[in-house]
Novice: 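The structure is given below, and queries will be raised subsequently.
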Amino acid sequence: MDSIPKSIKDYFRGIAGGLLFSLPMLYTMELWWTGFIAGPLRLIIYLLVGLVLLLGYNHFVGIHRPHTLWEGLADAVEEMGLGLLITAFILWLLGILQTGMSLQEMIGKIVVEALTVAIGISVGKAQLGSSGENGERDGKERTDGRNAFSGDQLAIALCGSVLVAANVAPTEEIVQIALETSKLRLLLTVIFSFGIGGAILYYSDFKGSGSGTAKPRGKWDIIAGIVAMYTVSLVVSAFMLWFFGRFQGASLDTILAETVVLALPAALGASAGRLLLQA
């Protein structure tokens, strides 16, 4: 049985994997619309198909310890439940779920998006961890040289940020979300972006976190690394939105809102990409 700290890190990796693989879909209007029009039977079938996929992945790939079919099913149900919760939170954060909506519409949007998130969680738990035993970091941690502000680390963070953000930067959804999201939710989006990026970089033993990056010497190194990661995300987001013409004719408030909205996937790419691209 895994220890509680290791289990928490597994969950963090799972959440990061779920968002890394599915965040562009959470920004997709066609999926929101599908959730609005899909009937209860279709949604139930969709959930059952998702559970079967998760069960198959867990049985053959995801669970590396000896397990029974029921243990695999329990993991699949757990991952689907976590996928539903994460999806509901992100859709609420982006203003896709509103208090005036019917319960059926909200459930439909959550269910349609949650399948990909749940599969990403399963893959994240199984594949994005360190290769050492018991979750120990692979390779030796560096205590010198590279840090959050070194040229190679910033370059890799930029590449990871562009890689993820480019999937949604040209879309109309960014503008729509920015116009409809309250200032409080935008602030929470900034806080969540800091949190998920920091957890990936310094807590979750993400694959690659033990090689190539310097071990932080204290809390100020951690804070500096997170600030550097989010700064890269903002710069990438602003540039891409400008390039695709999303700032044309927009007010300063709208420009800032668009940048914050896109900075969430960009921050995920900057933090996870900074590790995965050099792993």
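Values below: all heavy atoms of this structure, side chains included; hydrogens, waters and symmetry mates excluded.
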Novice: Residues in side-chain hydrogen bond (donor to acceptor under 3.5 Å, both in side chains) with Thr28, at least two apart?
Specialist: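 Expected list: none.
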Novice: Hey, does Leu188 have a side-chain heavy atom less than 4.5 Å from the side chain of Trp92?
Specialist: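 Yes - at least one pair of side-chain heavy atoms lies under 4.5 Å apart.
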Novice: Is there a side chain to side chain contact (heavy atoms under 4.5 Å, CB included) between Tyr57 and Ile119 once you walk through the steps?
Specialist: CA-CA 9 Å; Tyr57 181 82; Ile119 293 174; over 6 Å; no
Novice: Locate the shortest heavy-atom distance separating Ser122 from Asn58; write the atom from each residue and the value.
Specialist: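 Heavy atoms of Ser122 and Asn58 come nearest at OG-OD1, 2.9 Å.
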Novice: If you apply the rule side chain to side chain contact (heavy atoms under 4.5 Å, CB included), what do you find for Leu47 with Met80, and how did you get there?
Specialist: CA-CA 8 Å; Leu47 272 179; Met80 182 60 77; 3.8 Å; yes
Novice: For a 4.5 angstrom cut-off between non-hydrogen side-chain atoms, does Thr189 reach Val261?
Specialist: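 No, their side chains stay 4.5 Å or more apart.
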Novice: Can any side-chain N or O of Ser22 pair as donor or acceptor with the backbone N or O of Met25 at less than 3.5 Å?
Specialist: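 No, Ser22 side chain to Met25 backbone: no donor-acceptor pair under 3.5 Å.
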Novice: Is there a path of hydrophobic side-chain contacts, each under 4.5 Å between heavy atoms, that joins Phe243 and Val232?
Specialist: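 Cluster IDs for Phe243 and Val232 match.
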Novice: Name all pairs fulfilling the salt bridge (Lys or Arg N to Asp or Glu O under 4.0 Å) condition that reach into residues 177-198, sequence neighbours left out, sorted by first residue then second.
Specialist: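 As it turns out, there is no salt bridge (Lys or Arg N to Asp or Glu O under 4.0 Å) pair with a partner in residues 177-198 once direct neighbours are skipped.
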Novice: Please report the shortest heavy-atom distance between Gly83 and Thr87, naming the atom on each side.
Specialist: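 Looks like O-OG1, 2.7 Å.
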Novice: State, to 0.1 Å, how close Ala263 and Leu234 come at their nearest heavy-atom pair, and which atoms those are.
Specialist: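 The answer is CB-CD2, 3.9 Å.
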Novice: Taking all heavy atoms of Gln98 and all of Met106, pick out the closest pair and write down the distance.
Specialist: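 Scanning both residues, the minimum pair turns out to be O-SD, 3.8 Å.
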Novice: In terms of hydrophobic clusters joined by side-chain contacts under 4.5 Å, are Phe192 and Leu91 together?
Specialist: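 The answer is yes; both residues are in one hydrophobic cluster.
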Novice: Do you know which two heavy atoms are closest between Leu93 and Thr181, and how far apart they sit?
Specialist: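 Result for this residue pair: O-CG2, 3.8 Å.
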Novice: Which ILVMFWY residues are connected to Ile37, directly or by a chain of links, through side-chain heavy atoms under 4.5 Å apart?
Specialist: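 Via sub-4.5 Å side-chain contacts, Ile37 links to Trp33, Phe36.
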Novice: Between Ile15 and Val117, is a side chain to side chain contact (heavy atoms under 4.5 Å, CB included) present by the stated rule, with each step listed?
Specialist: CA-CA 8 Å; Ile15 291 170; Val117 179; over 6 Å; no
Novice: Using a 4.5 Å cut-off on heavy atoms from C-beta on, say whether the side chain of Val168 contacts that of Pro265.
Specialist: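 Yes - at least one pair of side-chain heavy atoms lies under 4.5 Å apart.
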Novice: Do Leu23 and Ile90 come close enough that some side-chain heavy atom pair is under 4.5 Å?
Specialist: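 Yes, at least one pair of side-chain atoms sits under 4.5 Å.
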Novice: Same hydrophobic cluster for Val260 and Leu179, using side-chain heavy-atom links shorter than 4.5 Å among ILVMFWY?
Specialist: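 No, Val260 does not connect to Leu179 through the hydrophobic network.
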Novice: Just wondering, do Phe21 and Ile121 contact through their side chains at under 4.5 Å, heavy atoms?
Specialist: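 SC-SC contact between Ile121 and Phe21 ruled out.
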Novice: Is there a side chain to side chain contact (heavy atoms under 4.5 Å, CB included) between Tyr27 and Leu264 once you walk through the steps?
Specialist: CA-CA 11 Å; Tyr27 280 71; Leu264 174 55; 3.8 Å; yes
Novice: Taking all non-hydrogen atoms of both residues, which atom of Pro40 and which atom of Gln104 are closest, and how far apart?
Specialist: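 Nearest pair, atom of Pro40 first, then Gln104: CD-NE2, 4.3 Å.
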Novice: Mind checking whether Leu26 and Leu19 have side chains closer than 4.5 Å, heavy atoms only?
Specialist: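 Answer yes - side chains close enough.
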Novice: Quick check: do Leu268 and Ile200 have side-chain heavy atoms less than 4.5 Å from each other?
Specialist: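 Yes. Closest side-chain heavy atoms under 4.5 Å.
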Novice: Do Val52 and Val112 share a hydrophobic cluster, counting only Ile, Leu, Val, Met, Phe, Trp and Tyr and linking them when any side-chain heavy atoms are less than 4.5 Å apart?
Specialist: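 No, Val52 and Val112 fall in different hydrophobic clusters.
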Novice: Report whether Phe244 and Val162 are members of the same hydrophobic cluster (ILVMFWY, side-chain heavy atoms less than 4.5 Å apart, transitive linking).
Specialist: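 Yes.
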